[in-house]
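Notes follow the structure.
All values below were derived from every heavy atom in this structure, side-chain atoms included, with hydrogens, water molecules and symmetry-related copies excluded. Along the sequence shown, the residues carry numbers beginning at 1. Counting starts at 1 for both ligands and their atoms, in listed order.
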Amino acid sequence: MELRNKKLTHDEFFKQREEVLRQWPTGAGVNLEEAAEYLKKVPEHKQFSKKLRYAKENGITLAQPRAGVALVEEHINLLRYLQNEGEADLLPSTIDSYTRQNRYNECEVGIEESKKAGRSMLNGFPAVNYGVEGCRRVYEAVDLPLQARHGTPDARLLSEIIHASGWTSNEGGGISYNIPYAKSVPVEKSIRDWQYCDRLVGIYQEMGIELNREPFGPLTGTLVPPSMSNAVAIIEGLLAAEQGVKNLTLGYGQCGNLIQDVAAIRALVEQAEEYFKMYGYDVYLTTVFHQWMGGFPHDESKAFGVISWGSATAALAGATKVIVKTPHEAVGIPTKEANAAGIKATKQTLNLLRGQRLPESKELKAEIELIKAETKCILDKVFELGNGDLAVGTVKAFEAGVLDIPFAPSKYNAGQIIPARDNNGAVRYLEFGNIPFTKEIKDYNRQLLEERAKYEGRPVSFQMAVDDIFAVGKGVLVGRPE
Ligand SMILES: CCC[C@H]1O[C@@H](n2cnc3c(N)ncnc32)[C@H](O)[C@@H]1O
């Protein structure tokens with residue numbers, strides 16, 4: 001069947017579902033009607049969509065950690081600790097890397113090794129291997145909404161299992177969980193697979209169960225210009241809406257300049273709403289701001305500085321949710337104590353800033369307009385390449401380098417754009433690759449980088465990008481020459 005941005009028919013979906021549920025033995029434990037009955041019993045305070053609505057309507061920014069370990073009991077202890085000690089507002093289950101690659105055999109080995117070692121030998125929770133029974137134990141053990149967070153190009157079986165288990169949100173998308181996470185998964189394949197995941201949510205929606213979907217905003221988390229990440233977020237939002245998703249959280253990864261980060265969230269909301277309206281989708285939209293996704297300082301006190309700065313930006317931007325980092329970010333998977341500390345520092349900052357927003361200024365307005373103009377150039381070309389079909393256009397846009405994610409591992413990503421910070425730390429385009437920006441937009445980006453070059457007494461060059469990549473880990477935002 002030709003790739004199309006078209007809601008999967010019931011026949012198309014249920015025919016594919018037979019193969020999906022056979023991918024691993026635990027798939028046999030998924031029964032749609034039984035799962036719907038189970039989901040209908042999820043109390044409001046454990047429904048992602050309800051808690052996000054409440055936060056948006058009350059101008060509150062919620063705090064959510066990442067967390068996942070190999071064994072069910074330990075994972076439950078971890079989540080309960082983050083709920084009770086960490087005061088998390090929303091809970092994750094970060095899924096391990098083998099599951100993300102559908103390598104469930106290796107998950108089995110990792111589970112056994114973890115039992116022998118008495119510690120987690122996987123970097124997340126292997127939800128598929130535990131199946132509905134194990135995932136329901138996790139859901140029933142906590143008292144907050146639960147979401148699957150991962151990086152899975154083919155998340156069809158994972159999505160079936162976690163939703164059937166009462167987990168009321170799923171992160172990911174056909175671009176955002178492929179290009180930054182995989183080397184050789186064709187864009188067409190991951191778009192199709194995520195159409196399935198979204199259609200599953202749409203089918204639950206038609207049964208009166210509102211689940212939340214959250215495309216992964218930060219992408220590579222390495223100097224991704226806001227217009228590129230916003231373009232991807234809006235594309236994944238539209239693709240999800242076509243499959244019947246009604247509750248969407250679009251995201252963005254902190255870049256570090258306050259004006260630009262606030263502008264990115266404001267532009268994302270304004271532009272996404274414009275596109276949903278234009279295409280007639282009735283979507284309840286919320287936003288998620290990811291605390292700094294790049295290199296972290298080793299020193300835990302300095303790490304708390306980065307965590308608090310991301311929290312403050314999220315609050316001032318009015319994001320519905322902020323994803324929390326921990327003081328162990330520079331070293332690896334955090335202990336539960338370090339994870340809880342990250343959440344508490346975040347919530348302290350959010351509470352101190354409750355109700356405050358970065359006021360409209362000419363600089364903020366200009367940055368919002370610039371981001372929207374850049375994003376429009378990209379999206380217009382995507383639709384043109386697809387002759388109006390967004391799914392086809394997305395595949396062709398990656399082939400043409402119109403969608404191009406900096407520092408992505410995927411061989412389907414052109415990798416021609418080069419980002420670098422301007423003198424105020426805002427992320428600009430140093431090389432445009434094949435992105436069809438207007439001359440005015442290109443000249444403005446170049447002018448801002450020339451200002452930095454003049455200040456630093458060096459030419460605009462790739463070295464600026466390299467210096468910027470290491471800067472935050474060294475305690476600064478802009479990578480000044482040594
Ligand atoms: C896009 C996600 C990257 C971030 O996701 C964190 N992360 C990954 N796996 C786990 C885990 N099992 N528990 C807690 N945090 C985790 C990393 O540290 C990084 O910040």
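- In summary, the side chains of Gln291 and Thr346 do present a donor paired with an acceptor at a separation below 3.5 Å, with no hydrogens or angles considered.
- Listed by number with element, the atoms of ligand 1 under 4.0 Å from a non-hydrogen atom of Lys325 are 19 (C), 20 (O).
- Tyr204 and Glu210 form no side-chain donor-acceptor contact under 3.5 Å, judged by distance and modelled atom types alone.
- In this structure, Trp167 and Phe125 have tilted ring planes: the angle between them lies in the 30° to 60° band.
- A side-chain N or O of Ser176 and one of Glu236 form a donor-acceptor pair less than 3.5 Å apart.
- Salt bridge status for Glu367 with Arg266: absent, with no side-chain N to carboxylate O gap under 4.0 Å.
- Within a 6.0 Å radius of NZ in Lys396, other residues, nucleotides and ligands contribute 12 heavy atoms or fewer.
- Closest to atom 15 (N) of ligand 1 by heavy atom, among Glu171, Arg66, His75, is Arg66.
- Taking every heavy atom of Glu329 and a limit of under 4.0 angstrom, the matching atoms of ligand 1 come to 17 (C), 18 (O), 19 (C), 20 (O).
- Between the OH atom of Tyr54 and the OG1 atom of Thr320 there is a distance of 14.0 Å, given to the nearest 0.5 Å.
- Annotation for ligand 1: atoms under 4.0 Å from non-hydrogen atoms of Asn123 are 9 (N), 11 (C), 12 (N).
- Heavy-atom contacts of Phe216 reach the following atoms of ligand 1: 1 (C) (cutoff under 4.0 Å).
- For ligand 1 and Thr94, the ligand atoms under 4.0 Å from any heavy atom of the residue are 9 (N), 10 (C).
- Proximity of Arg149 to ligand 1, defined as any heavy-atom pair under 4.0 Å, is not found for any part of the residue.
- The closest protein non-hydrogen atom to atom 11 (C) of ligand 1 is Ile333 CD1, 3.6 Å.
- Contact analysis puts Met293 in contact with ligand 1, with a non-hydrogen atom separation below 4.0 angstrom.
- Geometrically, ligand 1 and Gly68 share a nitrogen or oxygen pair separated by less than 3.5 Å.
- Residue Tyr181 has no N or O atom closer than 3.5 Å to an N or O atom of ligand 1.
- A salt bridge links Glu112 to Lys115: one of the charged nitrogens lies within less than 4.0 Å of a carboxylate oxygen.
- With a heavy-atom cut-off of 4.0 Å, Pro218 does not touch ligand 1 at all.
- Of the heavy atoms in Thr326, none comes closer than 4.0 Å to ligand 1.
- The only option from Thr168, Asn212, Thr286 that meets the side-chain hydrogen bond (donor to acceptor under 3.5 Å, both in side chains) definition with Asn247 turns out to be Asn212.
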